[in-house]
Protein chains: 2
Amino acid sequence: MSNTTPSDSVSTALTSSAPPAASQPAADRAYRHVKAGLLDGSYPDGHLLSEGEIAQALEMSRTPVREAFLHLQAEGFLRLYPKRGALVVPITPAEARSLLEARLALESFAIDKLASAPAEQLTSIGTELLEHPACDPAGLSDAEMHEADRAFHARIVSAADSPVVTDLYSALRERQLRITATARTHESPRRTVVTEQHTRLATALRDGDTADAKRCLHEHLAHTMRAIGVSGDFPAPGQ
Amino acid sequence: MSNTTPSDSVSTALTSSAPPAASQPAADRAYRHVKAGLLDGSYPDGHLLSEGEIAQALEMSRTPVREAFLHLQAEGFLRLYPKRGALVVPITPAEARSLLEARLALESFAIDKLASAPAEQLTSIGTELLEHPACDPAGLSDAEMHEADRAFHARIVSAADSPVVTDLYSALRERQLRITATARTHESPRRTVVTEQHTRLATALRDGDTADAKRCLHEHLAHTMRAIGVSGDFPAPGQ
DNA sequence: TGTATACATCTTAAATACAAGTTGGGCGGA
DNA sequence: TCCGCCCAACTTGTATTTAAGATGTATACA
């Protein structure tokens with residue numbers, strides 16, 4: 001877990017180093033390059049990529065590329081086959097569904113934990129979320145709305161103040177990017193529905209009705225599931 | 001996530017032959033060696049280990065050791081500091097607690113999902129669990145009891161048939177090994193309590209009372225938390 | 001005595017080189 | 001035409017080498 005981007009930009013700003021670029025570690029560049037390709041669809045499902053191929057494109061040796069592959073495998077994006085290559089993990093409907101189920105598990109837990117927090121904390125979080133762009137996305141581009149949605153849900157989880165859960169959750173959201181990138185959940189007219197669901201969820205939290213918040217969350221994720229064309233139902237909220 | 005042992009053949013035409021694995025890959029040996037040392041306490045919290053050190057001990061080059069370090073970092077065991085070394089992540093009480101919270105989140109979800117399954121499936125799982133060694137540990141060594149406990153809980157999660165959740169969960173259990181290795185939760189007289197809790201949980205599942213199963217689970221994990229000396233309470237079960 | 005600086009010695013980062021396994025296509029024979 | 005074999009071209013796995021950053025210590029100086 002820990003950080004997906006181990007490169008904290010500590011050193012860059014102050015010292016105007018002579019070489020203008022290339023200060024980034026090569027392993028990092030490789031990681032971001034491949035991941036970007038994964039997310040924007042340059043490397044489609046089932047594609048087999050090789051270390052040498054990427055190394056050549058980025059003009060570096062295979063060593064940092066291998067490092068990046070390992071990282072991406074750990075995150076569930078790639079599957080490495082010895083002496084064969086790195087398979088871009090195909091996203092099956094079952095996997096997409098399972099991913100959303102995992103999100104439901106973690107976000108529900110976060111709400112449960114918040115339920116036993118002082119009432120004023122719930123109010124505070126709820127109020128904060130009501131002012132979040134994900135509840136009032138006027139003027140946001142699709143990409144911005146996408147990011148707002150991510151931040152909205154991440155905030156709920158982080159409010160539970162459980163580092164391990166937060167780590168697991170952020171890894172999940174990254175994986176989901178590959179799915180939602182093609183689902184266009186955040187373009188109108190879907191956007192109206194999503195925004196309303198966010199608002200209802202935040203309101204329930206503010207008012208301390210965590211059971212209702214969990215119902216809203218369940219409905220929200222079920223809606224997402226339908227939007228990306230996955231059939232079947234979620235497990236009922238644990239209540 | 002995916003699997004720690006990439007030897008499993010999951011899908012597609014890639015799998016084909018099962019490699020006879022004449023000699024274990026060096027990277028694998030390095031991974032297991034370091035992990036074993038981590039779990040049995042050879043490398044204590046906060047210890048800083050280096051690639052060269054391990055490579056020399058195992059008589060291999062640093063390359064596979066680096067690979068193992070990366071893997072262990074992804075699992076949360078190590079934290080890599082550039083040009084410094086690999087820090088054995090210290091387990092704070094807060095982290096231990098968070099780990100158990102994450103387990104609670106995922107196992108509770110599994111039970112929720114089972115709740116919407118056909119009744120006979122619940123009965124089947126419950127009956128299977130009642131016959132599990134974790135409910136009748138006579139003649140088991142401490143280590144075997146430890147493993148039985150792991151398998152018992154893993155079975156609950158896997159029954160939910162949600163691959164992503166299962167993956168997340170198995171990663172968590174591995175991390176918890178480092179904690180419980182020193183907690184001796186499975187030695188008598190703790191063992192009697194733990195066994196009873198397992199039995200009650202399995203019985204509740206068999207009888208289709210998932211709400212009660214979740215209560216048992218909550219109590220069980222809270223007991224573990226106390227056993228390893230972590231204070232504070234869990235969030236109430238979501239009900 | 002206290003502080004700053006130079007250096008010796010750690011460490012990892014990345015490039016390169018070499019070894020070994022897998023695949024698929026071409027070729028020959030039935 | 002079809003089947004089996006062999007080889008060439010990929011691929012990754014591991015080792016070795018080179019470079020560069022970080023640290024701690026010893027020493028010079030105030």
Side-chain angles (χ1 to χ4, degrees), chain A residues 2-3 5-12 14-15 17-19 21-34 43 46-74 78-88, chain B residues 2 5-7 9 11-34 43 46-74 78-88:
Chain A
S2 73
N3 294 323
T5 57
S7 70
D8 312 67
S9 58
V10 180
S11 59
T12 47
L14 295 177
T15 61
S17 51
S23 48
Q24 291 269 359
D28 240 47
R29 279 191 296 139
Y31 170 77
R32 276 199 293 274
H33 174 87
V34 177
Y43 308 132
H47 188 256
L48 208 56
L49 19 76
S50 79
E51 295 173 1
E53 176 189 346
I54 305 293
Q56 196 165 8
L58 266 56
E59 293 178 313
M60 60 178 65
S61 81
R62 275 176 43 219
T63 310
V65 176
R66 157 180 290 262
E67 203 164 307
F69 276 22
L70 251 12
H71 194 162
L72 289 163
Q73 171 172 255
L78 295 180
R79 205 176 296 156
L80 269 36
Y81 288 92
K83 316 279 187 185
R84 291 286 297 129
L87 177 79
V88 178
Chain B
S2 79
T5 57
S7 54
S9 53
S11 65
T12 74
L14 277 173
T15 62
S16 63
S17 64
S23 64
Q24 290 277 3
D28 248 44
R29 278 191 298 138
Y31 170 78
R32 275 198 294 274
H33 174 86
V34 177
Y43 309 133
H47 188 254
L48 208 57
L49 25 76
S50 81
E51 295 174 359
E53 177 189 345
I54 306 294
Q56 195 164 9
L58 266 57
E59 293 179 316
M60 60 176 67
S61 83
R62 277 176 36 223
T63 310
V65 177
R66 157 179 290 263
E67 205 162 302
F69 276 20
L70 251 12
H71 194 164
L72 289 163
Q73 171 173 251
L78 295 181
R79 205 175 296 155
L80 267 37
Y81 287 95
K83 316 282 186 185
R84 292 283 297 127
L87 177 79
V88 178

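Sequence lines set the chain letters: A, B, ... in the order given, protein chains first and strands last, and positions in each chain run from 1.
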Hey, can you pull the donor-acceptor pairs under 3.5 Å for the side chains in residues 52-61 of chain B, sequence neighbours left out?
residue  : atom : partner  : partner atom : Å
Glu53(B) : OE1  : Ser50(B) : N            : 3.2
Ser61(B) : OG   : Thr63(B) : N            : 3.3

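- In this structure Leu87(B) satisfies the side chain to side chain contact (heavy atoms under 4.5 Å, CB included) test together with Leu48(B), Arg79(B), Tyr81(B), Pro90(B), sequence neighbours excluded.
- Leu70(B) has its CG atom 12 Å from the C1' atom of dT12(C), to the nearest Å.
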**Q.** Sequence-aligned protein contact record of nucleotides 12-17 of chain D, with B where the base is within under 4.0 Å of a protein heavy atom and S where only the sugar-phosphate is
**A.** BBBBB-
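- A straight line from CD of Gln56(A) to P of dA15(C) spans 14 Å, rounded to a whole angstrom.
- Here the straight-line distance linking atom CG of Asp28(B) with atom NE2 of His71(B) works out to 9.0 Å at 0.5 Å rounding.
- Between its two ends, the helix from dT1(C)-dA30(D) to dA30(C)-dT1(D) turns its axis by 10°, counting five pairs per end and rounding to 10 degrees.
- Pairing each heavy atom of Ala68(A) with each of Ala27(A), the nearest pair is CB-O, 4.1 Å.
- A search for side chain to side chain contact (heavy atoms under 4.5 Å, CB included) contacts involving Ala86(B) returns Leu49(B), Phe69(B), Leu78(B), Leu80(B), not counting sequence neighbours.
- If you take CD1 of Ile54(A) and P of dT11(D), they are 11 Å apart, rounded to a whole angstrom.
- Judged as a salt bridge (Lys or Arg N to Asp or Glu O under 4.0 Å), the pairs with a partner in residues 63-74 of chain A (not counting sequence neighbours) are, in order, Glu51(A)-Arg66(A), Arg66(A)-Glu67(B), Glu67(A)-Arg66(B).
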